[in-house]
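All values below were derived from every heavy atom in this structure, side-chain atoms included, with hydrogens, water molecules and symmetry-related copies excluded. Letters A, B, ... are given to chains in the order of the sequence lines, protein chains preceding strands, and every chain is numbered from 1.
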2 protein chains.
Amino acid sequence: MRYALEIAYDGRPFNGWQKQPGRKTVQGTLEEALSRLEGTDVHVTGAGRTDAGVHARGQVASFDLSKSWEIERLLRALENNLPPEIGVIRAAKASENFHARHSAIWREYAYFLWTASHCYPQVRPFVWRVRPGWDSPDLVLACKALEGEHDFALFCPQSECPPNSVRRVLRAGFVRRRDWIAFRIRATGFLFHMVRNIVQDLRSIAEGKLSLDAFRLSLKGRGGQRSNRGMAPASGLFLWKIGYSPSPWE
Amino acid sequence: MRYALEIAYDGRPFNGWQKQPGRKTVQGTLEEALSRLEGTDVHVTGAGRTDAGVHARGQVASFDLSKSWEIERLLRALENNLPPEIGVIRAAKASENFHARHSAIWREYAYFLWTASHCYPQVRPFVWRVRPGWDSPDLVLACKALEGEHDFALFCPQSECPPNSVRRVLRAGFVRRRDWIAFRIRATGFLFHMVRNIVQDLRSIAEGKLSLDAFRLSLKGRGGQRSNRGMAPASGLFLWKIGYSPSPWE
């Protein structure tokens with residue numbers, strides 16, 4: 001029987017999603033918990049391979065179990081077998097050919113920027129603190145520039161960049177509240193470090209250190225230009241939501 | 001020079017507010033940081049003595065420093081000298097007779113209840129999880145019953161109960177959002193464990209295990225009745241706001 005899980009996690013204690021021998025990872029922790037329920041090794045596939053320290057609100061995982069579990073019982077059994085840093089949001093029996101990664105039609109990330117001069121300790125591990133009043137009309141234009149198909153080769157470390165580095169951004173924009181701003185970006189796929197490199201550039205734009213034209217030029221792939229501008233920290237980044245059609249949750 | 005600080009903290013790593021030899025407390029940590037700035041011992045007074053594990057969003061502390069600090073500089077110096085579990089929200093020079101505890105005219109606590117069946121790991125340390133759909137029309141009536149002057153002796157462990165256990169509740173009520181409910185209570189003062197005992201009773205009322213009449217009877221002090229009904233955990237409780245007149249922040 002194939003199952004789908006939507007999970008949230010606090011990325012701090014994990015060396016990212018992907019299983020690595022001798023290191024605590026989300027995939028490894030999830031596989032251990034499911035293997036205890038199954039009595040034998042269970043392999044888990046994730047929709048997105050989040051990096052060390054990156055959080056998730058809506059990561060999706062798929063896996064097979066030999067018996068048919070009542071969903072409420074599976075949720076309780078997982079809650080009892082997972083550390084408090086991983087929460088299971090929902091679970092469902094999925095069709096045989098559902099695959100958390102290959103079936104995904106889009107992924108959405110959220111990046112939280114904290115704009116007040118003070119910050120609450122409950123919030124601090126999940127945001128990047130920026131200058132109070134952080135804002136710029138250019139940010140809206142930068143988001144517009146991101147939408148559509150671009151070669152994001154310059155937003156990925158060279159050693160990690162796949163031969164085809166073109167990705168389609170379906171939407172990019174900001175949500176503003178009193179003390180924080182969330183940058184949300186939805187795309188067919190993401191390259192390694194892509195969101196954190198984009199957020200770094202957006203910060204440079206808002207602070208007047210990077211022009212919109214220079215940013216647009218860096219979206220032209222290897223033919224464009226993007227000098228080393230650093231990278232936003234993992235703390236503010238959340239894998240927010242994965243899109244499927246049909247949805248495994250309905 | 002007398003100063004006032006508004007501070008927020010994550011209560012988990014602390015053995016409460018009050019200084020205790022050999023244990024990590026909020027008051028002790030704050031005094032250490034201020035003493036480093038001052039070069040000699042600084043004593044700090046807090047508006048409320050929060051218990052082990054209880055959080056704060058708006059605790060207020062007062063203390064004296066020998067020199068006159070520019071407020072922005074003091075904020076930065078404190079941020080560099082405090083652990084990430086304590087955040088300074090604002091600071092001000094206060095009048096000579098300002099006293100964080102004695103000058104307070106009211107205190108407000110918030111208690112967060114989580115009402116969805118799933119829970120995010122980022123939220124879990126700051127809420128008490130209750131049954132999904134948790135609600136009851138009696139909760140509004142219980143809040144009404146709380147308002148006014150009552151003898152709260154039965155909401156405090158006997159060994160900790162002062163001779164005068166009458167307190168005036170200025171307002172009590174619920175704020176509801178999609179997945180959580182906050183209980184807010186403002187009073188001239190609180191007894192030890194008072195809010196957590198009240199929240200335990202509100203939960204019992206919502207779950208039909210305690211009648212409104214029995215709850216009202218327990219507000220009559222030592223002449224009333226309140227059998228041992230347990231206590232809500234520290235995780236959901238925040239010291240939310242302290243009221244002063246005049247306010248030290250204006």
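Contacts with chain A (heavy atom to heavy atom, under 4.5 Å) involve these residues of residues 45-75 of chain B, listed by number: His55(B), Ala56(B), Arg57(B). Near-neighbour residues of residues 181-206 of chain B relative to chain A, defined by a heavy atom under 4.5 Å from a heavy atom of that chain, are none.
By the neighbour-count criterion of 12 heavy atoms within 6.0 Å, atom CZ of Arg23(A) is sparsely surrounded, having that number or fewer from other residues, nucleotides or ligands. Heavy atoms of other residues, nucleotides or ligands lying less than 6.0 angstrom from NZ of Lys24(A) number more than 12. The environment of CZ in Arg171(A) is sparse: at most 12 heavy-atom neighbours from other residues, nucleotides or ligands sit within 6.0 Å.
Closest approach of Gln122(B) to Tyr9(A), counting heavy atoms only: NE2-O, 2.8 Å. Pro84(A) and Pro121(B) make their closest contact through O-CB, 3.3 Å (heavy atoms, listed as atom of the first residue, atom of the second, distance).
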Checklist entry - Under the side-chain contact (heavy atoms from CB on, under 4.5 Å) criterion, do Tyr120(B) and Asp10(A) qualify, and how do the steps go? => result CA-CA 9 Å; Tyr120(B) 298 98; Asp10(A) 177 343; over 6 Å; no

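Within the 4.5 angstrom heavy-atom criterion, only side-chain atoms of Glu79(B), from C-beta onward, approach chain A.
Considering only heavy-atom pairs separated by less than 4.5 Å from chain A, the leading option among Ile7(B), Ile86(B), Ile89(B) is Ile89(B).
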